[in-house]
**Q** 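Input: one structure, supplied below.
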Protein chains: 2
Amino acid sequence: MTNAYEHVRRLLAKLPGLGHRSAERIALHLLVEHPEQLAPLLDALGGAAASLRRCRWCGNLCEDDLCAVCADPRRDRSRLCVVERVTDLLALERASAHSGLYHVLHGRLSPITGVGPERLNMASLATRLDGSGEFPPVSEVVLALSNDIEGEATCHYIQETFLAPRPAVSASRIGFGLPSGTGLTHSDPATLKNAMEARRRWA
Amino acid sequence: MTNAYEHVRRLLAKLPGLGHRSAERIALHLLVEHPEQLAPLLDALGGAAASLRRCRWCGNLCEDDLCAVCADPRRDRSRLCVVERVTDLLALERASAHSGLYHVLHGRLSPITGVGPERLNMASLATRLDGSGEFPPVSEVVLALSNDIEGEATCHYIQETFLAPRPAVSASRIGFGLPSGTGLTHSDPATLKNAMEARRRWA
């Protein structure tokens with residue numbers, strides 16, 4: 001096949017959830033089967049990239065200075081739910097499982113793949129907990145991280161670094177209901193609600 | 001979520017093999033998690049779209065006037081394999097299952113979804129079979145279409161419209177080995193080879 005096609009296929013195969021065959025199928029769909037769909041997609045992605053950014057307060061996707069959750073005065077700003085990814089935040093929102101604010105780490109600690117706290121949206125957790133002129137201090141933290149070793153390690157790191165020095169903050173970890181070895185994104189709303197209700201104290 | 005994000009997610013969800021959740025995951029990956037991957041992907045897709053076209057003879061993806069298969073003088077130009085998609089052609093090439101040329105329909109007849117022969121690369125089959133100054137006439141046709149009702153209907157249409165008026169052309173349909181209800185793209189090379197060897201006469 002052509003170099004231009006191979007280049008597209010290799011870049012597509014790097015996207016989450018796509019393998020060699022699905023990347024090939026999408027590349028050929030956009031380049032020969034339905035080329036009329038390509039320009040709108042390029043425009044949409046380019047336009048979105050230009051208008052979207054991370055919320056400066058929580059890390060969620062947003063178009064303005066603050067995301068819709070942080071900007072909503074009806075949310076309980078004293079309660080903070082820490083998640084790994086924006087997809088996890090969206091899953092909890094779809095389940096109406098949390099009425100406070102979020103903090104999106106954009107990943108989790110993974111010594112094996114070399115992801116340390118400096119690669120995550122981690123340092124700003126201190127300001128999140130202590131509050132700013134704009135936002136009050138946090139009194140309750142729910143760690144809604146994956147139920148696996150890296151999620152556990154990330155919880156431990158947050159506990160030691162941010163929660164231990166702030167004993168007044170009540171901390172819990174999302175609990176019963178989340179099947180072992182899985183993340184939040186693909187869980188159904190009922191499971192997410194149960195897990196949020198059954199959260200257990202963390203350290 | 002924002003309108004710009006929703007627009008991207010809806011367009012991504014139209015791509016083959018992507019559903020609501022996988023489109024969301026890819027959109028957030030490109031827009032907030034790994035925005036550094038977006039510009040190279042947009043460049044590659046835009047560049048490929050500018051340099052790629054359908055081969056004027058067979059419909060395969062190509063950068064020049066003819067695709068690599070049609071331009072290769074070592075291929076047996078008297079044998080023609082008709083496939084639904086470029087992904088099917090690639091699967092047969094990976095299996096080294098056909099040494100002649102191809103004809104890519106870019107779909108198949110589907111009365112239910114309103115796909116008639118005029119929406120496919122079908123009319124040019126007459127010229128393919130009769131040959132041009134450049135290419136010899138075809139003496140053998142292998143119909144390598146899906147093993148399902150729409151594939152069967154497409155074979156019947158080709159038989160009645162193109163093959164019946166040309167009794168000198170030997171026609172067969174790819175046969176044993178292709179599991180019922182599936183297409184070619186995800187079949188393994190051994191199955192594709194068996195199916196090509198066990199092709200049966202068609203009408």
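Predicted model, so just to flag it, every value in this text is computed and none were measured. The figures here come from the full heavy-atom set of this structure, side chains too, leaving out hydrogens, waters and symmetry mates. We name chains A, B, ... by the order of the sequence lines, and we start the count at 1 in each one.
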**Q** Is chain B contacted by the side chain of A/I26, its backbone, both, or neither, given a heavy-atom distance below 4.5 Å?
**A** both

**Q** Would you name the heavy atoms of A/N3 and B/E63 that are closest together and state the gap between them?
**A** N-OE2, 4.3 Å

**Q** Please identify, among B/L12, B/L38, B/L45, the residue contributing the most non-hydrogen atom pairs under 4.5 Å to chain A.
**A** B/L45

**Q** Of the backbone (N, CA, C, O) and the side chain (C-beta and beyond), which part of A/S51 lies under 4.5 Å from a heavy atom of chain B, both, or neither?
**A** side chain

**Q** Taking B/H7, B/K14, B/H29 one by one, which has the highest count of heavy-atom pairs under 4.5 Å against chain A?
**A** B/H29

**Q** Do B/E24 and A/V86 have side chains that get closer than 4.5 Å, going by heavy atoms?
**A** no

**Q** Would you list the pairs meeting salt bridge (charged side-chain N to carboxylate O under 4.0 Å, His left out) in which at least one residue belongs to residues 36-48 of chain B, sequence neighbours left out?
**A** none

**Q** Test side chain to side chain contact (heavy atoms under 4.5 Å, CB included) on B/V32 and A/V104; report intermediate values, then the result.
**A** CA-CA 11 Å; B/V32 292; A/V104 184; over 6 Å; no

**Q** Determine whether A/L15 and B/Q37 satisfy the following criterion, side chain to side chain contact (heavy atoms under 4.5 Å, CB included), listing intermediate values before the conclusion.
**A** CA-CA 9 Å; A/L15 298 177; B/Q37 291 182 16; 4.3 Å; yes

**Q** Minimum heavy-atom separation for B/V8 and A/A44, please, with both atom names.
**A** CG2-O, 3.3 Å

**Q** Between A/D64, A/L18, A/L31, A/L30, who has the most heavy-atom pairs with chain B when the cutoff is under 4.5 Å?
**A** A/L31

**Q** Is B/C67 in contact with chain A via its backbone, its side chain, both, or neither, using a 4.5 Å heavy-atom distance?
**A** neither

**Q** Distance from B/R21 atom CZ to A/T87 atom OG1, nearest 0.5 Å?
**A** 10.0 Å

**Q** Using heavy-atom distances under 4.5 Å, tell me whether B/A68 contacts chain A through its side chain, its backbone, both, or neither.
**A** neither

**Q** Any carboxylate oxygen within less than 4.0 angstrom of a Lys/Arg side-chain nitrogen, looking at A/E33 and B/R119?
**A** no

**Q** Report the distance from atom CG of A/L28 to atom NE2 of B/H106, rounding to the nearest 0.5 Å.
**A** 9.5 Å

**Q** Which pair of non-hydrogen atoms, one from B/P40 and one from A/L11, has the smallest distance, and what is that distance?
**A** O-CD1, 3.5 Å

**Q** Which atoms of B/L52 are under 4.5 Å from chain A, going by heavy atoms: the side chain, the backbone, both sets, or neither?
**A** side chain

**Q** Sort and list the pairs that fulfil salt bridge (charged side-chain N to carboxylate O under 4.0 Å, His left out) and have at least one residue in residues 102-112 of chain B, not counting sequence neighbours.
**A** B/E84-B/R108, B/R108-B/D148, B/R108-B/E150

**Q** Check whether B/P35 gets within reach of chain A through its side chain, its backbone, both or neither, counting any heavy atom under 4.5 Å.
**A** neither

**Q** Tell me, for A/E93 versus chain B, whether the close heavy atoms (under 4.5 Å) come from the side chain, the backbone, both or neither.
**A** neither

